[in-house]
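What follows is a single structure, written as structure tokens, with notes after it.
Proteins get letters first, then strands, A, B, ... in listed order; numbering begins at 1 in each. Heavy-atom basis, side chains included; hydrogens, waters and symmetry copies ignored.
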There are 2 protein chains.
Amino acid sequence: MENGSYICAVNSIDMAKATRKKKDPDASAEEKILSAARAVFTRNGYAATTVRDIAAEADLNFSLVNYYFRSKEKLYDLVMKDAIRQLLSGIKDVLNDVHTTPEEKIDLVCVGWIDMLLVHPDLPLFVMNGVANSSNDITKELVENNVFLTSYFVKQLMELHGKGKLKIAPLHLVMNLVSMLTLPFVARHLLLKTGAIDMKIFKAMMEERKTQIPGWIKLMM
Amino acid sequence: MENGSYICAVNSIDMAKATRKKKDPDASAEEKILSAARAVFTRNGYAATTVRDIAAEADLNFSLVNYYFRSKEKLYDLVMKDAIRQLLSGIKDVLNDVHTTPEEKIDLVCVGWIDMLLVHPDLPLFVMNGVANSSNDITKELVENNVFLTSYFVKQLMELHGKGKLKIAPLHLVMNLVSMLTLPFVARHLLLKTGAIDMKIFKAMMEERKTQIPGWIKLMM
DNA sequence: AAATGTATTAAACAATTGTTCAAAAATAAT
DNA sequence: ATTATTTTTGAACAATTGTTTAATACATTT
């Protein structure tokens, strides 16, 4: 890293922190804060989260949050960028594989996406809120992990659509796929709080959808 | 009523500015605060909204907010309950109509729901956030407008499903319907900010989906 | 052991928050 | 016109916020 870069040297105090050597094997404080921030931000959102909440979750003095991450906002941006990557980067690889058919991609995405959401069910709502009022930094992360129009999957679909071998418009197909995969997780509190279903049934349904959604999508094709 | 209630269009940035100026001078202070609260809460959420923000939006002294509504939280509960009603009560009537077939209900719900969301595109995300950390009062409003398991529509579907005249499980059908209708609005900032599509294309696609979603759903049946 | 650098703590900071309250202004009732 | 009631205002409040800073504890290097 360019320690001596004059641009960085302007703010020497901040840079000392930013370029701090992590040779210490006991860097658990920074890690603990980051993972605590992930938990609290995801649970309560940016505005409802305090620096002291994060420190309490990490069981550390609250000054350490600013010591390691300089500000609440910078820490949030970090967490949000990770969340976006977690949400999108997985399906990005699948959809850009040149050796699989569109049908195979759909099968893989459905299983992978739902498996991921079963582990991180709050991620979609968290990211959607973050995107709504996003900084330039976050928008950049979005573009880099964008998968909706630039993927090889969509390219394959557009080719089929041009030949008349695909009924549905590619963008509608992607919308339907993402919608059916994601919204149940976003809206699950509504189902659970009203007593419509319980958590056990919800999980079972999501397991079913791993194989059913590909079938429904293929009916549209 | 319906003067200051959720007046905003799909292009929330432009419309928010346009409608912010022309406030009804004849509206009472209480009404002005309520409609201002609707706008600010829906835009920024509960925690990021201050009583002074609401008063500024209503162009009134900030003490009047507590004078008329006793507390920020009570005002928020009021707005949230209205939002839930706005979101769910419409489709509730359609789905409980004993004189229409399931197919007819699907047609009506798709048009009505998308028309509503084109006028109030921020409503789903706002309500989903509200449900996630909801009070008993709000949960009650949810149950009363619950439509997912108690509706006549689902009853019709379960009867067909029992007779083997419906392939898809009723609950999955409802999930798919609501998902395909709603998620594009929740996730639209992601599409817009990445430059995948612009607002004009988005609106056009939503118009298409009014008639296409019923077709796709019927393929699953 | 001494010196140096890093990690952690506690205290303090100004700014902002929701809420209250008494006085003032406006309106209604007598 | 005088009184009574309601509406509006501005100031004040205690609590909480993110951030900074100086002092302390710990670790590593010399």
#### Entry: Spacing of L60(B) atom CG relative to dT9(D) atom C1', expressed in whole Å
12 Å
Between N or O atoms, less than 3.5 Å apart, protein on one side and nucleotides 10-19 of chain D on the other: list the pairs.
| residue | atom | partner | partner atom | Å |
| --- | --- | --- | --- | --- |
| dG10(D) | O6 | S63(B) | OG | 2.7 |
| dG18(D) | OP1 | T49(A) | O | 3.3 |
| dG18(D) | OP1 | V51(A) | N | 3.4 |
| dG18(D) | OP1 | K72(A) | NZ | 3.1 |
| dG18(D) | OP2 | V51(A) | N | 3.0 |
| dG18(D) | N7 | R52(A) | NH1 | 2.9 |
| dG18(D) | O6 | R52(A) | NH2 | 3.3 |
| dT19(D) | OP2 | N66(A) | OD1 | 3.3 |
| dT19(D) | OP2 | K72(A) | N | 2.8 |

### Query
Can you find a pair of side-chain heavy atoms, one from R209(B) and one from I213(B), that are under 4.5 Å apart?
yes
#### Entry: V147(A) side chain near S151(A) side chain, heavy-atom distance below 4.5 Å
yes
Give me, pair by pair, the N or O atoms of the protein and of nucleotides 4-7 of chain D that are less than 3.5 Å apart, along with how far apart they are.
| residue | atom | partner | partner atom | Å |
| --- | --- | --- | --- | --- |
| dT7(D) | OP2 | Y67(B) | OH | 3.1 |

### Query
Tell me, what's DNA chain D's dot-bracket, Watson-Crick or G-U with both distances under 3.5 Å, | for other-strand, [ ] crossing?
||.||||||||||.|||.||||||||||||
### Pairs satisfying salt bridge (Lys or Arg N to Asp or Glu O under 4.0 Å), at least one member in residues 140-155 of chain B, at least two apart
R85(B)-E141(B)
### Task
For D198(A), enumerate each residue passing the side-chain contact (heavy atoms from CB on, under 4.5 Å) test, keeping only those at least two apart in sequence or located in another chain.
K200(A), I201(A)
### Task
Check whether any side-chain heavy atom of W216(B) sits under 4.5 Å from a side-chain heavy atom of H172(A), and report yes or no.
yes
### Message
Are Y46(A) and K72(A) packed together at the side-chain level, in the sense that at least one heavy-atom pair is separated by less than 4.5 angstrom?
### Response
yes
### Query
Just by distance, do the side chain of N146(B) and the backbone of L142(B) share a donor-acceptor pair under 3.5 Å?
no
### Summary
Residues T49(A) and G45(A): closest non-hydrogen pair is OG1-O, 2.5 Å
### Task
Assess whether atom CE of M158(A) is packed by more than 12 heavy atoms of other residues, nucleotides or ligands within 6.0 Å.
no
### Task
Give every residue pair that meets the salt bridge (Lys or Arg N to Asp or Glu O under 4.0 Å) criterion with at least one member in residues 110-138 of chain A, sequence neighbours excluded.
K81(A)-D137(A), D115(A)-K210(A), D122(A)-R188(A)
